[in-house]
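Chain letters run A, B, ... following the sequence lines, proteins first, then strands; residues in each count from 1.
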There are 2 protein chains.
Amino acid sequence: MQFQERLERIRPFQVMGLVERAQTLEREGRDVIHMEIGEPDFPCPEPILRAGQQALAARSLRYTGSTGLPALREAIANHYQRSFGVDLDPNRIIVTPGASGALLLASALLVGPGDRVLMADPNYPCNRHFMALMGGEVDSVPVGPGSNWQLDADLMAQHWRPDTRLAMLATPSNPTGHVLSTEALSGVADAVAARNGTLLVDEIYQGLSWEVAPETVLNVAPQALVVNSFSKYFGMTGWRLGWLVAPDEAIEPLTRLAQNIFLAPSTPAQHAALAAFEPECRDELERRRQVLGERRDALLRALEPLGLAPSVPPQGAFYLWLDISRYSHDSRAFCARLLEEESVAITPGSDFAVAGGEHHVRIAFTTDVERLEAGVARLARFIARQAVS
Amino acid sequence: MQFQERLERIRPFQVMGLVERAQTLEREGRDVIHMEIGEPDFPCPEPILRAGQQALAARSLRYTGSTGLPALREAIANHYQRSFGVDLDPNRIIVTPGASGALLLASALLVGPGDRVLMADPNYPCNRHFMALMGGEVDSVPVGPGSNWQLDADLMAQHWRPDTRLAMLATPSNPTGHVLSTEALSGVADAVAARNGTLLVDEIYQGLSWEVAPETVLNVAPQALVVNSFSKYFGMTGWRLGWLVAPDEAIEPLTRLAQNIFLAPSTPAQHAALAAFEPECRDELERRRQVLGERRDALLRALEPLGLAPSVPPQGAFYLWLDISRYSHDSRAFCARLLEEESVAITPGSDFAVAGGEHHVRIAFTTDVERLEAGVARLARFIARQAVS
Ligand SMILES: Cc1ncc(COP(=O)(O)O)c(C=O)c1O
Ligand SMILES: Cc1ncc(COP(=O)(O)O)c(C=O)c1O
């Protein structure tokens, strides 16, 4: 059987092997500290669970329309109004199977053979792979502390090519947690618009930020495509529900795509998500955001003595992106040995970065402060042992 | 904003406009008889609901592995053993967001620019569109009563071209309900193998058949790719859960695709689906199958006097594909007027057929016998009025 060439450009998540190994070690009785997982450890919020249970009890389980329940699209539009002061026609919102579904729709609409896409490096690896799936070419632009680990207007200008069609951002970013300021966002949007390109912004970690108020690109670039999800801030990972905001003119073709590719998003998930915007749930999510902020601070404090704290602390998401070059230039081996020797699971940078991944790792603070501090203590012991040997 | 050319080849479902119009009429107080909907009217089976409720109560709602819960893959493998005598390694089963997700994986793996795909005409329209999404070219082979509305070995031989890579079947078929016999299936599989092609079989209506025992192509062609779903036979449409069976060598690249495109299938849906194979649920599904058979018989009897009963009655699914050429050569207009004048909703053939769609319609027997008979009585009145005018 012959497979398509595109498959060669789609790489597996390296962390998966590590996750499996961690599970094996746990079955053998080891106490593994999980700092590799991009999933909040908080349970699904009670109001969302209750709404899901009510939908099941009411047998509301048939196909919905392809773009989602009108009530949910309206609730999302209201959320934009309330949280960001953005006036959004609910018809511009397409409910999808996760942000993943939204990324698939956007890339199918915008990217084809010969098209180039600009994105930051490091980046969420699936982004590269969605583009490969559609036949596009990705230009990964190395970013660092200088641009707050994001693309900015200068980098756009520098790396834009005649066949670049799309620029992709994520703010807060995975894996670095860095947030684009409103000015920077606006600068990028202008740079893309000036080149007749399209801007796609992944706002899946929206709401999970501390020193800065949550922001949406729609405030500065109403024509941008925006990907979002109930997975992270709203704590609904396994339900598989997200959304795409797109300009009016894109809704009809996107609807055709959604009809054909997905038929419809999950019905119980949609009913459950209706509760996500209610005051009780919003209060709970706000508490969680604060807890995540405390964890970040604790982690930064603990990493400081190891010289591993990032020079620019991230303001959002639940990740730290650590430069480990003073200890290793092989992040895969580093992570594998750390797991074997100290039962600490973190993610090698090579999953996220085309360049520099070998001396970076990602730590997720999706476990409590006590465990995080214990994890860093083990990491310190591991590093100390390396220094001696 | 410029959209990809592939979008031009992806057409909307025409029936959607009709469905919306039907809803408007209902809001105005009309009693619409729905014979257009490809979704069983039975509620989600109780054992599945209960399992879903338990998963919610247990907060089992995090991401699962990309290929699905091991227990579910095993349950599906056991189902193949018990129902079809097929010995299947659970690792060859990838759990997906609906059969739709399975079709996306299979087409991304197998079809790219320049590849040709053979399929029957009429056909489930999304199939053509998945291929268009991946840049493939579809050769739609007109079929009729002569080959039981399916592709057979002769048609394969006749229409296979040097750049044909894939042949797609669906048995029972949507929109015709026709079932390939084991011999015919085996003949097609051999014809494809002889040409070094790949065979993809959609078995989403498996289990919904009457005069013939349910069959899987895996019994005659173990290397075929098979698409299936919890939507139809198992009554789980809105949950969005299906699966793909593929040869060993395809599992690693398919897993990479699933990781990147979907992350994972719905967690509550997977827990719910675990109950689908339990005896209590199987008994209920068997009762439903019988009810559908009675509906088909009642419909055929009712349509006979109108000269609309298919010459070869279908043996599966829940559809009839009617040749209306003695009354109309514009199925869209026919269906639109039938809805306006008699409040009966059926689907124009042009959604399914590249050729001949204008003088065919699809009737779904997803409502009870009384309503179906009332629907046909209204149809008869509509036709009689046309004949006079
Ligand atoms: C940046 C980013 N985008 C998109 C996703 C996809 O998430 P989901 O499909 O669960 O909404 C993730 C998941 O980790 C992510 O980190
Ligand atoms: C022949 C066929 N294949 C696939 C599907 C997709 O179904 P699902 O994604 O709900 O499993 C359908 C739905 O109507 C169908 O009729």
Side-chain angles (χ1 to χ4, degrees), chain A residues 1-7 10-13 16 39 43-44 49 52-53 56-57 59-64 97-98 100 104 108-113 125-126 129-130 133-135 165 198 223 236-240 247 249-250 252-253 255-257 259-269, chain B residues 1-7 10-13 16 39 43-44 49 52-53 56-57 59-64 97-98 100 104 108-113 125-126 129-130 133-135 165 198 223 236-240 247 249-250 252-253 255-257 259-269:
Chain A
M1 192 173 295
Q2 208 188 305
F3 307 137
Q4 288 298 313
E5 202 200 294
R6 60 171 78 93
L7 268 296
I10 297 181
R11 287 169 44 192
F13 298 168
M16 285 302 170
E39 179 168 26
C44 175
L49 261 175
Q53 266 155 338
L56 266 58
R59 315 304 192 242
S60 306
L61 296 164
R62 309 190 72 187
Y63 290 127
T64 68
S100 302
L104 183 63
L109 180 74
L110 296 170
V111 179
C126 303
H129 298 142
F130 279 111
L133 181 68
M134 295 303 156
R165 276 182 53 73
T198 301
Q223 291 300 298
M236 290 185 68
T237 46
W239 293 87
R240 315 306 302 118
E249 53 173 332
E252 186 277 326
T255 301
R256 260 186 284 141
L257 273 172
Q259 280 182 350
N260 280 282
I261 303 180
F262 305 130
L263 290 193
S266 160
T267 305
Chain B
M1 193 173 295
Q2 209 187 305
F3 307 137
Q4 287 298 313
E5 200 200 293
R6 59 172 77 94
L7 268 297
I10 297 181
R11 286 170 42 194
F13 298 170
M16 285 301 169
E39 179 168 26
C44 175
L49 260 176
Q53 269 157 335
L56 265 58
R59 317 299 193 242
S60 306
L61 296 165
R62 309 191 70 186
Y63 290 128
T64 69
S100 302
L104 182 62
L109 181 74
L110 297 169
V111 178
C126 303
H129 298 143
F130 280 112
L133 182 67
M134 295 302 156
R165 279 183 49 72
T198 301
Q223 290 302 297
M236 289 184 69
T237 45
W239 294 87
R240 312 308 302 119
E249 53 173 332
E252 186 276 326
T255 301
R256 258 185 286 143
L257 273 172
Q259 279 182 352
N260 281 283
I261 303 180
F262 305 131
L263 289 194
S266 159
T267 306

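Both the backbone and the side chain of A:A57 come within less than 4.5 Å of a heavy atom of chain B. Proximity to chain B (any heavy atom under 4.5 Å) is shown, for A:P97, by neither the backbone nor the side chain. In this structure, the portions of B:M134 lying under 4.5 Å from any heavy atom of chain A include both its backbone and its side chain. Of the two parts of B:P247, only the side chain, counted from C-beta on, holds a non-hydrogen atom closer than 4.5 Å to a non-hydrogen atom of chain A. Both the backbone and the side chain of B:R62 have a heavy atom closer than 4.5 Å to some heavy atom of chain A. Residue contact with chain A, scored on non-hydrogen atoms closer than 4.5 Å, involves the backbone and the side chain of B:R256 alike. Within the 4.5 angstrom heavy-atom criterion, only backbone atoms of A:F262 (N, CA, C, O) approach chain B. In this structure, chain A has heavy atoms under 4.5 Å from both the backbone and the side chain of B:L109.
Contact check for B:M1 versus A:R165: no side-chain heavy atoms found under the 4.5 Å cut-off. By the 4.5 Å heavy-atom criterion applied to side chains, A:R240 and B:Y63 are counted as neighbours. Using a 4.5 Å heavy-atom threshold, the side chains of A:R59 and B:L49 count as touching. Between A:L263 and B:C126, some side-chain heavy-atom pair lies under the 4.5 Å cut-off.
With values rounded to the nearest 0.5 angstrom, B:M236 atom CE is found 8.5 Å from A:L61 atom CG. Here SG of A:C44 is found 7.5 Å from CG of B:L56. Values are rounded to the nearest 0.5 Å. To the nearest 0.5 Å, the span separating NE2 on B:H129 from CG on A:L257 amounts to 10.0 Å. Here CG of A:L133 is found 4.5 Å from CD1 of B:I261. Values are rounded to the nearest 0.5 Å.
Interface check for chain B: of the options A:V111, A:T267, A:T198, A:T255, the most heavy-atom pairs under 4.5 Å are formed by A:V111. Here B:S266 is the residue among B:P43, B:S266, B:G135 with the most heavy-atom pairs under 4.5 Å with chain A. With chain B as the partner, the residue from A:T237, A:L104, A:I10 showing the most heavy-atom pairs under 4.5 Å is A:T237. Put simply, of A:A269, A:P113, A:A264, A:G98, the one with the most heavy-atom pairs under 4.5 Å next to chain B is A:A264.
The backbone N or O of A:P12 lies less than 3.5 Å from no partner atom in the side chain of B:Q259, so there is not a single donor-acceptor pair. A side-chain donor-acceptor contact under 3.5 Å links A:R6 to the backbone of B:A108.
Across every non-hydrogen atom of A:W239 and B:P268, the tightest pair is CE3-CG, 3.9 Å.
No more than 12 heavy atoms of other residues, nucleotides or ligands shown are found within 6.0 angstrom of CD on A:E5.
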